[in-house]
Every structure is written in C-alpha cells, then in structure tokens.
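Written out below as structure tokens is the structure these notes cover.
Heavy atoms only: backbone and side chains are in, while hydrogens, waters and symmetry mates are out. Residue numbers begin at 1 in each chain, while the letters A, B, ... track the order of the sequences.
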There are 2 protein chains.
Amino acid sequence: MTPDLMTIREMCAAFDVTPRTLRFYESKELIFPVRQGTRRLFTRRDRARLTLILRGKRFGFSLEDLRQLLDLYDRDGSQEPQLRRTYEIASERLAQMERQRAELDVAISDLKEQLAWGAEVLASFRQPAAE
Amino acid sequence: MTPDLMTIREMCAAFDVTPRTLRFYESKELIFPVRQGTRRLFTRRDRARLTLILRGKRFGFSLEDLRQLLDLYDRDGSQEPQLRRTYEIASERLAQMERQRAELDVAISDLKEQLAWGAEVLASFRQPAAE
DNA sequence: GTTGACGTTGACGTAAACGTAACGTTACGT
DNA sequence: ACGTAACGTTACGTTTACGTCAACGTCAAC
C-alpha cells in the first residue's frame, strides 16, 4: 500500500498538503526527494521527516527550528546527546506555550469583563435612566 | 499634567509606543493629530482612540478591525446600534480566543506526552536494555 | 553661526509560510 | 501525431505591524 517511493500527488493525499508545500519544504532543505528525471519521488525518509515536521508545526516550531532539529539527527543519528538536546528545546517550547496560554487567559477574562460592561450599558438603553 | 495637546514624545512616554508607531497609526487613519506647522500634536480624542486601539490589540483585533470599529463611532456617536454591533464583534472574537485556547491546550498536552516519552527513552540510555 | 535634539516624509526591509501566476516540459491516451 | 493532464521552475504577491535608514527642516541654546 505504501510503496517505497511516492509521487508528489500521493504525498499530498497522504499528508493533506499541497504540492507547493512539498516543493517549498524541499527548497528549505527539510526533505530531499530523489529525482526521476525532473520529477520528485519521496522516500520513506522523507515521509518520516514530513511526519515530524507536521507534528512540530502543531507545537509551534518554525520550519527553521525543525530543519535544525532534523539536521541534528542527520549528522549523528538518534543518539543520546541529540535526543537530550531535542528534549531541552521542546521543554523550552512548552514553557513558551504555557506563557502564551497564560496571556491568552488574561486577555480572555479581560474581554469578558468588557463584554459584561457593554451588556450593562446595552441594558440601560431599555430602561432609560431607571432606578 | 495631561495638557490638551501632547507632542509625539509625550505620547510615546505616556503610552509606551515608538514615534514610528504613532506615525504609522496616523497613516492608517486610526488617529488624527493636528499640525502645528509640520509637527504633530495629539488631542484628547487621539488619546482616547489610542487607548482603545492598544486595548483592542491585546484582544487580538487587527488595526484594520479597530479602524472600522472606531469609524463606526465617529459616524454616529456611541448610540445603541453601534454599541450592539461592537458587542457582537467582541463576542465573536471571544469565541475565537476560546477556540484558540482549546487548541493550545491540546497542543500543550500533546507536547507533554512527547516529552514524557522522550524522558523514558533518555532514561533507557542509562540502564541499557534493563529489566 | 553652529551644534544638537527633535521632527518630518518617503521608501525599503523584515518575518513566515506558502499562494499564485506565467510559462516550459513530460507522459500518456487515442 | 496531437491534445491535455500533470509536473516542473522561477519569481513575485500576500499579510501585519512596524523597524530602519536617508535626507532634510526647525528651533532653542551656546
């Protein structure tokens, strides 16, 4: 079902991305499809990388971040130092995300306050200068 | 303390923004400082608008969104229909923010899972093939 | 009269992640 | 042999909110 080499169309279907995206990732050296003449053929390795890329994006890593992380493993394999480094980076990212969530929480409750106030004013339109 | 008209410097200090920001906002027709010769002087109205702009930004409204909202009030004053409209827009924005928060929560817990897994693998480096 | 500090107007640069032409090449079906 | 679908490349466009010069005006102080 999943052959060793996949065309760009098959990749798009499998990962739900556009051809442009795959070409773009290639240009950014995130994946390295082989060429059959001019056409791209994506290897198992490309698929593994793409999986990690898409996962990483969900976590808010930039493509550049991901490129560096993937390169780390390309150079020396998944040995302990690389894994440890990745762990650290991911931990930092997690901290960032939690800070971001905290800010978002504040903004949300502030906005809720504003809305409550607005609701009051709106209500006062119905009962003009009541009390 | 807060004179009717303020220079760009005073504004920057008061609102903690750069001159560039104020000029940019003027170019986007968010504020309308008067001119003393070539220089800008910011009115009370500009300050009121800037307050709303900065508040709105915290809630994730784009400058264009804010311009439209402010224009709404410029045309007809803070009457009920405008306020009601604003209330609706803000409510939608709140809903967006809460969706965003939900996504962020998922991403955070997923990343935590990944980290937990990474921690396991790292531990296994110390006790190679133990058990 | 000149030096600074501050002000002004453009205009171009930045960052991220692709989208979107515009146009050339290949491969396949008939 | 020919149409056309699919693929390729190159390069500019998009979005947002300013930053960063460059080149010049202006006003008070020395």
Side-chain angles (χ1 to χ4, degrees), chain A residues 3 5-43 46 49-70 93 96-97 100 103-104 107, chain B residues 3 5-43 46 49-70 93 96-97 100 103-104 107:
Chain A
L5 297 177
M6 288 172 64
T7 69
I8 201 169
R9 284 296 158 193
E10 291 168 338
M11 289 292 284
C12 291
F15 290 93
D16 191 32
V17 295
T18 69
R20 177 68 180 113
T21 298
L22 295 175
R23 295 188 193 110
F24 181 71
Y25 287 176
E26 185 191 12
S27 78
K28 292 289 175 182
E29 302 190 276
L30 288 161
I31 50 183
F32 310 95
V34 297
R35 295 313 178 94
Q36 182 189 43
T38 165
R39 311 206 157 159
R40 293 166 177 80
L41 288 177
F42 297 82
T43 67
D46 291 319
R49 293 174 73 97
L50 185 53
T51 299
L52 292 175
I53 291 164
L54 296 179
R55 181 176 300 163
K57 273 177 53 102
R58 285 200 49 238
F59 297 150
F61 289 105
S62 74
L63 295 184
E64 175 57 18
D65 291 339
L66 294 168
R67 192 186 60 74
Q68 289 179 28
L69 283 175
L70 290 171
R93 178 63 197 150
Q96 278 181 36
M97 289 170 74
Q100 187 184 336
E103 284 174 34
L104 189 55
Chain B
L5 296 177
M6 289 170 65
T7 70
I8 200 167
R9 283 296 159 196
E10 292 167 338
M11 289 293 283
C12 291
F15 290 93
D16 190 32
V17 294
T18 68
R20 177 69 180 112
T21 297
L22 295 175
R23 291 195 269 265
F24 181 73
Y25 287 176
E26 185 190 13
S27 78
K28 292 288 175 183
E29 302 190 276
L30 287 160
I31 50 183
F32 310 94
V34 298
R35 296 310 179 97
Q36 181 189 45
T38 165
R39 311 201 161 165
R40 292 167 176 79
L41 289 177
F42 297 82
T43 67
D46 291 319
R49 292 174 73 97
L50 185 52
T51 299
L52 292 175
I53 291 165
L54 296 179
R55 180 175 302 165
K57 273 176 52 102
R58 284 199 49 236
F59 297 151
F61 289 104
S62 73
L63 295 182
E64 175 56 19
D65 290 340
L66 294 168
R67 192 186 60 74
Q68 289 180 28
L69 283 174
L70 289 170
R93 179 64 198 147
Q96 278 180 37
M97 289 169 74
Q100 187 185 337
E103 284 174 34
L104 190 54

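Across all non-hydrogen atoms, the minimal contact from B:Arg9 to B:Pro19 is NH1-CG, 3.9 Å. The two atoms that bring B:Phe59 and B:Met97 nearest to each other are O-SD, 3.5 Å, heavy atoms only. Between A:Leu22 and A:Ile31, the shortest heavy-atom contact is O-CD1, 3.6 Å. Annotation for A:Leu63 and A:Leu30: closest pair O-CD2, 3.6 Å, computed over non-hydrogen atoms.
In this structure, B:Arg23 reaches the bases: a heavy-atom distance under 4.0 Å links it to at least one base atom across the strands shown.
Protein chain A touches strand DNA chain C; the 5'-most and 3'-most nucleotides with an atom under 4.0 angstrom of its non-hydrogen atoms are C:dA17 to C:dA27.
Rounding to the nearest 0.5 Å gives a distance of 8.5 Å between CG of B:Leu66 and CG of B:Leu52. The distance from atom CG of A:Leu50 to atom CE of A:Met11, rounded to the nearest 0.5 Å, is 5.0 Å. The distance from the CZ atom of B:Arg49 to the CD atom of B:Glu29 is 9.5 Å, given to the nearest 0.5 Å.
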Exercise for review: Given side-chain contact (heavy atoms from CB on, under 4.5 Å), test A:Arg23 with A:Ile8 step by step and report yes or no.
Suggested key: CA-CA 9 Å; A:Arg23 295 188 193 110; A:Ile8 201 169; 4.0 Å; yes

Practice item. Could you give me the CA-CA distance, side-chain angles and deciding distance for A:Phe15 and A:Thr21, then say whether side-chain contact (heavy atoms from CB on, under 4.5 Å) is met? Key: CA-CA 11 Å; A:Phe15 290 93; A:Thr21 298; over 6 Å; no

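Partners of B:Arg39 according to the side chain to side chain contact (heavy atoms under 4.5 Å, CB included) rule, which considers only residues two or more places apart in sequence or in another chain, do not exist here.
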Exercise for review: List the protein contact pattern of nucleotides 13-28 of chain D with one symbol per nucleotide (5' to 3'): B for base contact, S for sugar-phosphate-only contact, - for none; contact means a heavy-atom distance under 4.0 Å.
Suggested key: ----BBBB----BB--

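When the C1' atoms of four end pairs are superposed on the next four at each end of the helix from C:dG1-D:dC30 to C:dT30-D:dA1, using five pairs per end, the two resulting axes differ in direction by 30°, to 10°.
Looking at B:Phe42 and B:Glu10, their side chains never come closer than 4.5 Å, going by heavy atoms from C-beta outward.
Applying the side chain to side chain donor-acceptor pair (under 3.5 Å) test to pairs two or more places apart or on separate chains, those with a residue in residues 60-69 of chain B are B:Ser62-B:Asp65, B:Glu64-B:Arg67, B:Glu64-B:Gln68, B:Arg67-B:Asp71.
Residues of residues 8-17 of chain B that place a heavy atom closer than 4.0 Å to DNA chain C, in numerical order, are B:Ile8, B:Arg9.
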